[in-house]
Each structure stands twice: as C-alpha cells, then as structure tokens.
Amino acid sequence: MSVKNRQRVASCIEDIGTDINQVSQNFYRHLLQDNPALSRIFSGNTAALNRKFFNMLAALKNVKHLEKIEVSIHQLGERHGQRYAVLSEHFAPTKKALMTALEGHLGDGFTAELRQAWDEVFDEVADLMKAAISRTRHADTDESSPSLTGYDGDLLQAIGGEDVVLRIHRRFYDAIFDEPWLGKFFRGKHETTLARKQTEFMVAALGGENRYRGDTPAFVHMHMLITQEQLEAREVILRNAICEEGLSEEIVERWIKVDRGFWSGLVKASEEECILKCFGQYPVVAKKPDGYVSPSSPPSVANDD
Ligand code: HEM
Ligand code: HEM
C-alpha cells in the first residue's frame, strides 16, 4: 500500500514514453502465446491492441491516490466484466505477461525494488477490479460482437482519414463552446488543443493508430457531473458536425455508435457520484440555464426518417 511504489510505477510508465508500442507488442506476444484463448478478448489489429495496452498503463499511472479513485476503479472492473468479458482469472496471466514485457524493455533497470512496486500496484488495482467483476453479470464471450467495446476498426478509412476527423472536431467544439449549457464545462479551456486531443483519441477508436496520450474518458470526466440529457444534447451537436462535413448517414450512425460506447463510463445521476482525484479539485456541475432549448438537427437530417 505504499504511495512510494505507486510513484515508482507512474515514473516508470512516463519513462517508457515513445517505446510503449514496442513494450505492448512484447506483452501481447507473451500473453497470447501462453493463453491463446485470450485473443478473443484482446481482439483487433495492432493499433487496437496497442491502444488497449496503453489504456491499462494510463490507469495504473493514475493510482497515486488510489483510495480517492476507488469508486472509479470499481466501475472500471464492472466494465471489464460486463462489456469486455473479462474474468477474475485473466488478471494473473495479464500480470505475468506485463512483467515479462517490462523486464525485456528495462533489462537491468528492472530492479528488485521496481519489480516489487509493479507487483504491488498491479495487485492493488486488480483486486479492486476483480471484486467488482465477481459481482457483475458477465458479457457473453460467445457473442462475437465488436460493439461491446464501442470501437469500430474500419471506420477511419470510410470517413476519409484523420484530417476529416479533425475538421469535424473543429466544427464540433466551435458549436459546443457556444452552446448555453454544455459550453459551461469548457470555460477557460483551449478549443484547438481539445479538438486535437479529441481527434487523436477518436482516430484510435475509429481504427487508426493510437497517438492519444491522455487518460481514458472515464478518468478525464470523473469529477464532472455529466447527465444523460447532456450526453444527448452533445450527440446532436456531434451529428450535425459530421453531417456538415458531408459524410453519409451510414457513417454518422457508425460514428455515433462508437461514441455511445464511452457513455457508460461518464454518465452520472448526481453530484455525489463525482470522483475527486486530488485535494483542491471540485466537482464540475453545470446548471441548466433558464429557458434552455436543447440543440436540434438541421431539417434535412431530422426529416431523413
Ligand atoms: C490492473 C489491470 C487492468 C487495468 C488497470 C485495466 C485498465 C483498462 C482501461 C482503463 C481500459 C479502457 C476502457 C475503460 O475505461 O473502460 C481497458 C480496456 C480494456 N481492457 Fe483492461 N485493464 C486491466 C486488466 C485487464 C485484463 C486482465 C483484461 C483481459 C484479459 C483486460 C482487457 C481489456 C479489454 C478487452 C478492454 C477493451 C476496451 C478496448 O477495446 O479498448 N484488461 N482496460
Ligand atoms: C456531455 C458530455 C461531455 C462533456 C460535458 C465533456 C467535457 C469535457 C471537458 C470539459 C474536457 C476538458 C477536460 C480538461 O481539459 O480538463 C473534456 C476532454 C475530453 N473529452 Fe469530454 N466531455 C463529454 C463527453 C465526452 C465523450 C462521450 C467522450 C468520448 C468519446 C469524451 C472524450 C474526451 C477526451 C478524449 C478529452 C480530452 C482529454 C485530454 O485532455 O487528454 N468526452 N471533455
């Protein structure tokens, strides 16, 4: 339970830096060689696999004050059980492959002290996740539905590549920063930076290479009270931005499906569900403006049905 060990692990992950995809490849080589059945859970192309590995390390890097984010790790465990078909017994082989990949990358730098830190931190987080998994209803592993995770491996190509995604996000954030209710969340934020980060994130979710280096959505938004109604209002703005770029209805629907795949990690019913990562952070709650009218689709889109 030492904070020092959590810091050791966080700095080790920082130091891996741009070598992360190489470590990821080693991790999967060991994991899937020893446990071929896990390729059903860790499915997808190399880019998708690297993204999953990156997400795992991003979460482990965040546990400096694990006690404060316990609820969020619990929810992460629930998502693993319910949506990704992960079982408690999958953690041991995952840890073994991770340790082997780290050893391969760090060589003599993987000292006994550092190994012990990884061992402890992985187990701390895994134990919380496993406790949540044991209480959830599992996804049906026989159902080979890629939509369980929300990702869509071929969509980026169909959209026309990263430049198109960036243009859509510029439109999206232009509109959202001006939106009377949702705009409140973004006061003081840098629009161009957000459009870039959102693009890097979505490029990976749409089947491209993962260059996103931020936290996963569930972590980014854990102190924000984001309601179902706000997610629906945001969805209209997103739909409009995609349509205005001239993409087909079919692509709009596929993109929206990917986007919705992240909602369950974000949505909250009340301020009490906000999780504060550190001292001095406060819940972000946007009060609905009086006389608020939610965003609407342009008539051509609304009449399509
Ligand atoms: C301490 C251990 C682990 C941590 C911290 C961790 C963390 C994460 C995080 C943060 C995500 C991003 C999605 C989300 O927030 O819901 C994720 C996704 C995922 N994880 Fe884990 N994970 C761990 C162990 C495992 C294990 C043991 C498995 C299976 C053997 C697994 C399989 C997956 C899969 C399949 C996804 C799917 C999402 C996608 O398609 O990107 N994870 N994990
Ligand atoms: C109504 C719903 C949402 C609101 C109000 C919202 C709000 C925000 C805010 C305020 C930030 C800036 C955080 C900061 O700089 O501290 C942010 C960042 C971000 N959001 Fe959301 N968000 C919503 C939904 C989503 C969804 C559904 C996704 C995933 C598809 C998402 C993905 C991201 C990403 C990737 C970032 C960038 C994080 C980074 O800085 O690395 N958001 N969001």
Side-chain angles (χ1 to χ4, degrees), residues 31-32 35 37-44 48-63 72-73 75-95 97-98 121-130 133 139 146 148-151 153 169 172-173 176-177 179 181-191 193-202 204-205 210 212-221 223-235 237-238 255-256 258-267 281 284 286:
L31 183 71
L32 302 178
N35 312 274
L38 282 182
S39 55
R40 209 173 195 172
I41 290 177
F42 284 114
S43 58
L49 290 176
N50 287 344
R51 188 198 62 233
K52 288 174 206 190
F53 182 74
F54 173 81
N55 282 340
M56 179 166 70
L57 293 202
L60 291 171
K61 200 171 82 178
N62 248 303
V63 301
S72 153
I73 298 292
Q75 291 162 352
L76 180 64
E78 282 176 347
R79 288 198 296 280
H80 276 69
Q82 284 170 350
R83 297 166 67 89
Y84 316 145
V86 175
L87 303 171
S88 290
E89 54 263 38
H90 292 152
F91 283 81
T94 301
K95 178 177 164 191
L98 175 61
V121 171
F122 188 95
D123 283 350
E124 273 186 299
V125 175
D127 286 350
L128 286 171
M129 290 174 69
K130 285 193 276 185
I133 287 177
L148 277 177
T149 60
Y151 292 97
H169 283 141
F172 170 70
Y173 278 114
I176 220 162
F177 270 62
E179 213 275 335
W181 193 13
L182 299 181
K184 291 183 179 192
F185 285 96
F186 294 92
R187 282 193 192 139
K189 303 286 175 201
H190 196 268
E191 193 181 326
T193 307
L194 270 176
R196 179 180 52 77
K197 286 188 173 179
Q198 187 77 28
T199 300
E200 286 171 358
F201 176 80
M202 284 308 291
N210 181 28
Y212 177 70
R213 291 291 174 258
D215 291 330
T216 54
F219 276 80
V220 172
H221 305 86
H223 60 301
M224 302 181 205
L225 171 55
I226 293 178
T227 62
Q228 180 72 21
E229 189 184 356
Q230 286 168 334
L231 282 163
E232 283 165 14
R234 174 184 169 282
E235 180 174 303
I237 297 173
L238 180 60
W255 182 318
I256 293 297
V258 174
D259 191 80
R260 283 188 186 171
F262 299 104
W263 287 19
S264 68
L266 269 65
V267 70
Q281 198 179 35
V284 176

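Source: prediction; values computed, not measured. Sequence positions, counted from 1, serve as the residue numbers for this chain. Both counts, for ligands and for their atoms, begin at 1 and track the order of listing.
- Of all the heavy atoms of Thr94, the ones lying under 4.0 Å from any atom of ligand 1 belong exclusively to the side chain.
- When Lys95, Gln75, Arg51 are ranked by how near their heavy atoms come to atom 41 (O) of ligand 1, first place goes to Arg51.
- Among Phe219, Tyr84, Phe91, Phe42, the residue whose heavy atom lies closest to atom 16 (O) of ligand 1 is Tyr84.
- Counting heavy atoms closer than 4.0 Å to ligand 1, residue Arg83 contributes nothing at all.
- Judged by distance alone, with hydrogens and angles left aside, the side-chain atoms of Asn210 form a donor-acceptor pair with the main-chain N or O of Tyr212 at under 3.5 Å.
- Taking a cut-off of under 4.0 Å to the non-hydrogen atoms of Lys52, the atoms of ligand 1 that pass are 39 (C), 40 (O), 41 (O).
- Of all atoms in ligand 2, numbered sequentially from 1 with element shown, those under 4.0 Å from a heavy atom of Asp259 are 27 (C), 30 (C).
- Taking a cut-off of under 4.0 Å to the non-hydrogen atoms of Phe122, the atoms of ligand 1 that pass are 1 (C), 2 (C).
- At least one N or O atom of Lys189 sits closer than 3.5 Å to an N or O atom of ligand 2.
- Contact check for Phe122 versus Thr94: side-chain heavy atoms found under the 4.5 Å cut-off.
- Residues satisfying the salt bridge (charged side-chain N to carboxylate O under 4.0 Å, His left out) test with Arg79, not counting sequence neighbours, are none.
- If you count the protein N, O or S atoms nearer to atom 21 (Fe) of ligand 2 than 2.8 Å, you get 1.
- Heavy-atom neighbours of Lys197 NZ from other residues, nucleotides or ligands within 6.0 Å: at or below the threshold of 12.
- Ser264 OG to Arg83 CZ: the interatomic distance, rounded to the nearest 0.5 Å, is 4.0 Å.
- In this comparison of Thr199, Ile176, Ile226, the heavy atom closest to atom 3 (C) of ligand 2 sits on Ile226.
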- Which is it for Phe201 and Arg51 under the side-chain contact (heavy atoms from CB on, under 4.5 Å) test, yes or no, and what are the steps along the way? CA-CA 10 Å; Phe201 176 80; Arg51 188 198 62 233; over 6 Å; no
- Item | Chi angles and distances behind the side-chain contact (heavy atoms from CB on, under 4.5 Å) call for Leu76, Leu128 | CA-CA 9 Å; Leu76 180 64; Leu128 286 171; over 6 Å; no
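- With a 4.0 Å heavy-atom cut-off, ligand 1 is reached by the side chain of Arg79 but not by its N, CA, C or O.
- Atoms CG and CG, on Leu98 and Leu60 in that order, are 7.5 Å from each other to the nearest 0.5 Å.
- Put simply, the side chain of Asn35 does not reach to within 4.5 Å of the side chain of His90, judged on heavy atoms.
- Shortest contact from atom 38 (C) of ligand 2 to any protein heavy atom: Tyr212 OH, 3.3 Å.
- In terms of polar-atom proximity, defined here as any N/O pair under 3.5 Å, Lys197 does make such a contact with ligand 2.
- Arg260 has a carboxylate O that lies under 4.0 Å from a charged side-chain N of Glu235, or vice versa, which qualifies the two as a salt bridge.
- Across the listed options Glu78, Lys61, His80, His90, His80 owns the non-hydrogen atom lying nearest to atom 8 (C) of ligand 1.
- The residue from Lys130, Met56, Glu124 that puts a heavy atom closest to atom 4 (C) of ligand 1 is Met56.
- When each atom of ligand 1 is checked for a heavy atom of Ala59 under 4.0 Å away, the hits are 5 (C), 10 (C).
- Contacts of Leu76 with ligand 1, taken as heavy-atom pairs under 4.0 Å, involve the side chain alone.
- For the salt bridge (charged side-chain N to carboxylate O under 4.0 Å, His left out) test, residues two or more places apart in sequence or in another chain that qualify with Glu229 are Lys288.
- Distance check: Lys189 NZ to Arg187 CZ gives 12.5 Å after rounding to the nearest 0.5 Å.
- Annotation: atom 7 (C) of ligand 2 to nearest protein heavy atom, Phe186 CZ, 3.3 Å.
- Each of the atoms 12 (C), 18 (C) of ligand 2 lies under 4.0 Å from some heavy atom of Leu194.
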- Query: What's the verdict on side-chain contact (heavy atoms from CB on, under 4.5 Å) for Ile73 and Phe219, showing C-alpha distance, side-chain angles and the deciding distance?
  - Reply: CA-CA 9 Å; Ile73 298 292; Phe219 276 80; 3.9 Å; yes
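- No donor-acceptor pair under 3.5 Å is formed between the side chain of Asp259 and the backbone N or O of Trp255.
- Taking atom 26 (C) of ligand 2 as the reference point, the nearest protein heavy-atom neighbour is Arg234 NH2, 3.3 Å.
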- Kindly indicate, with the supporting measurements, whether the criterion side-chain contact (heavy atoms from CB on, under 4.5 Å) is fulfilled by Gln230 and Leu225. CA-CA 10 Å; Gln230 286 168 334; Leu225 171 55; 5.6 Å; no
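- Every residue meeting the ring pair (Phe, Tyr, Trp, His ring centres under 6.0 Å) condition with Phe177, not counting sequence neighbours, appears here in chain and number order: Phe186.
- Heavy-atom proximity to atom 12 (C) of ligand 1, evaluated over Val125, Val121, Leu60, Asn55, is greatest for Asn55.
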